[in-house]
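Since the structure comes first, as structure tokens, the remarks are kept for the end.
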Amino acid sequence: MQGNAILDGQNFVPFDKTPQAVATVFRIVKEIKVGISVLNEVRCSSGDKFWLSNSYAGTRCHVTLGLYNQDQRKEEYFGQVGERLLAVGAQPRPHWAKFYTLTETQLKSIYPKWSDFVTLKQKLDPNSMFCNGYLQRIFSESKVC
């Protein structure tokens, strides 16, 4: 399969939920049987104070997944990862530059300062000058883009 690009998805889960998150991902890989899905890495980072950071307010482990970009079921696969990690209480915060399918409602439930950020965004960018298609998708429910 030379020349195929790998599409990454990365979820940041609380340190104590990491074993459960990894086991959940392995179950999804076996069930969906997507083309050459790999668990690229699991690493941890300490918490920080940035509202929409993946490691806001606590140590989180990064669970990075790879899938051949040509697999037509990439949305199903990454969607299942997000949904199932939510279902087991792993609060998967996606890497903003990787593939994920979580909705704004789901993101709001795992980022404690989401509403504060939306309020600040409305105040600092009332004309949506800094919006693009990606941000319109992320903030589709709050309508700040």
Side-chain angles (χ1 to χ4, degrees), residues 4-32 34-71 73-145:
N4 288 342
I6 298 289
L7 184 64
D8 283 339
Q10 189 174 79
N11 291 281
F12 294 63
V13 299
F15 181 79
D16 63 332
K17 297 285 187 179
T18 302
Q20 194 174 11
V22 171
T24 299
V25 169
F26 281 134
R27 279 194 300 279
I28 294 167
V29 169
K30 285 180 182 178
E31 291 169 15
I32 297 180
V34 290
I36 311 297
S37 175
V38 292
L39 180 61
N40 296 38
E41 72 176 335
V42 176
R43 61 185 170 86
C44 299
S45 61
S46 59
D48 59 42
K49 60 182 180 177
F50 306 106
W51 292 353
L52 295 188
S53 164
N54 314 90
S55 294
Y56 175 75
T59 299
R60 292 206 164 234
C61 292
H62 316 218
V63 179
T64 305
L65 315 160
L67 177 70
Y68 278 118
N69 197 15
Q70 282 70 19
D71 193 305
R73 295 168 298 155
K74 58 190 167 211
E75 288 193 31
E76 175 190 3
Y77 172 67
F78 286 113
Q80 281 288 317
V81 169
E83 294 290 334
R84 303 256 300 267
L85 289 178
L86 280 170
V88 298
Q91 305 168 330
R93 294 180 184 167
H95 185 299
W96 296 117
K98 306 284 184 181
F99 195 88
Y100 66 94
T101 61
L102 297 177
T103 66
E104 183 174 359
T105 296
Q106 292 167 318
L107 293 168
K108 192 184 306 184
S109 75
I110 55 179
Y111 285 93
K113 293 288 193 176
W114 187 272
S115 295
D116 293 329
F117 181 84
V118 167
T119 299
L120 184 63
K121 197 269 180 224
Q122 287 171 322
K123 178 181 176 185
L124 297 177
D125 187 23
N127 299 320
S128 298
M129 183 176 173
F130 295 102
C131 285
N132 57 30
Y134 175 72
L135 293 176
Q136 286 171 346
R137 182 180 72 82
I138 291 175
F139 296 108
S140 63
E141 297 163 26
S142 61
K143 308 275 191 245
V144 293
C145 281

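Side-chain atoms are counted along with the backbone in the values below, which use heavy atoms only and exclude waters and symmetry mates. The chain is numbered in sequence order, starting from 1. Keep in mind it's a predicted model, so treat the numbers as computed, not measured.
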Once you round to the nearest 0.5 Å, how far does CZ of Phe78 lie from CZ of Phe99?
7.0 Å
Here the gap from Asp48 atom CG to Thr59 atom OG1, rounded to the nearest 0.5 Å, amounts to 10.0 Å
Worked check of ring pair (Phe, Tyr, Trp, His ring centres under 6.0 Å) between Phe50 and Trp96
CA-CA 14 Å; Phe50 306 106; Trp96 296 117; over 10 Å; no
Any sub-3.5 Å donor-acceptor pair from Gln91's side-chain atoms to Pro14's backbone N or O?
no
Determine whether a donor-acceptor pair (N or O, by modelled atom type, separation under 3.5 Å) exists between the side chain of Asn54 and the backbone of Asn11.
no
Within a reach of under 6.0 Å around OH of Tyr134, are more than 12 heavy atoms found that belong to other residues, nucleotides or ligands?
yes
Atom pair CD (Glu31) and CZ (Arg84), whose distance is rounded to the nearest 0.5 Å:
4.0 Å
What disulfide bond (SG atoms under 2.5 Å apart) pairs are there with at least one residue in residues 94-145, not counting sequence neighbours?
Cys131-Cys145
What's the spacing between Thr64 OG1 and Arg43 CZ if we round to 0.5 Å?
6.0 Å
Measuring from Ile138:CD1 to Leu135:CG, what's the distance to the nearest 0.5 Å?
5.5 Å
Hey, are the side chains of Val63 and Leu85 touching, using non-hydrogen atoms and a 4.5 Å cut-off?
no
Work out which heavy atom in Val88 is nearest to a heavy atom in Lys17; give both atom names and the distance.
O-NZ, 4.0 Å
Ser55 and Ser46 have their tightest heavy-atom pair at CB-O, 3.6 Å
How close do Lys123 and Pro126 get, counting heavy atoms only, and between which atoms?
O-CD, 3.7 Å
CD on Glu83 to CD on Gln106, rounded to 0.5 Å
4.5 Å
Donor-acceptor contact present, side-chain Lys74 to main-chain Leu7, <3.5 Å:
no
Hey, is the main chain of Glu141 close enough, under 3.5 Å, to the side chain of Glu104 for a donor-acceptor pair?
yes
Nearest heavy-atom approach of Asp8 to Gly66 is OD1-CA, 3.8 Å
Check whether any side-chain N or O of Thr24 sits under 3.5 Å from a backbone N or O of Val81 as a donor-acceptor pair, and report yes or no.
no
Hey, could you give me each pair passing salt bridge (charged side-chain N to carboxylate O under 4.0 Å, His left out) that has a residue in residues 106-119? Not counting sequence neighbours.
Lys113-Asp116
Does any non-hydrogen side-chain atom of Phe139 lie less than 4.5 Å from one of Phe117?
yes
Identify the heavy atoms of Pro112 and Arg93 that sit nearest to each other, and give their distance.
CD-NH2, 3.5 Å
Of all the heavy-atom pairs spanning Phe130 and Asp125, show the shortest one and how long it is.
N-OD2, 3.1 Å
Backbone N or O of Thr101 within a donor-acceptor pair of the Glu75 side chain at under 3.5 Å?
no
Leu86 vs Ile110 side-chain heavy atoms within contact, under 4.5 Å:
yes
Within-4.5 Å side-chain heavy-atom neighbours: Trp51 and Tyr111
no
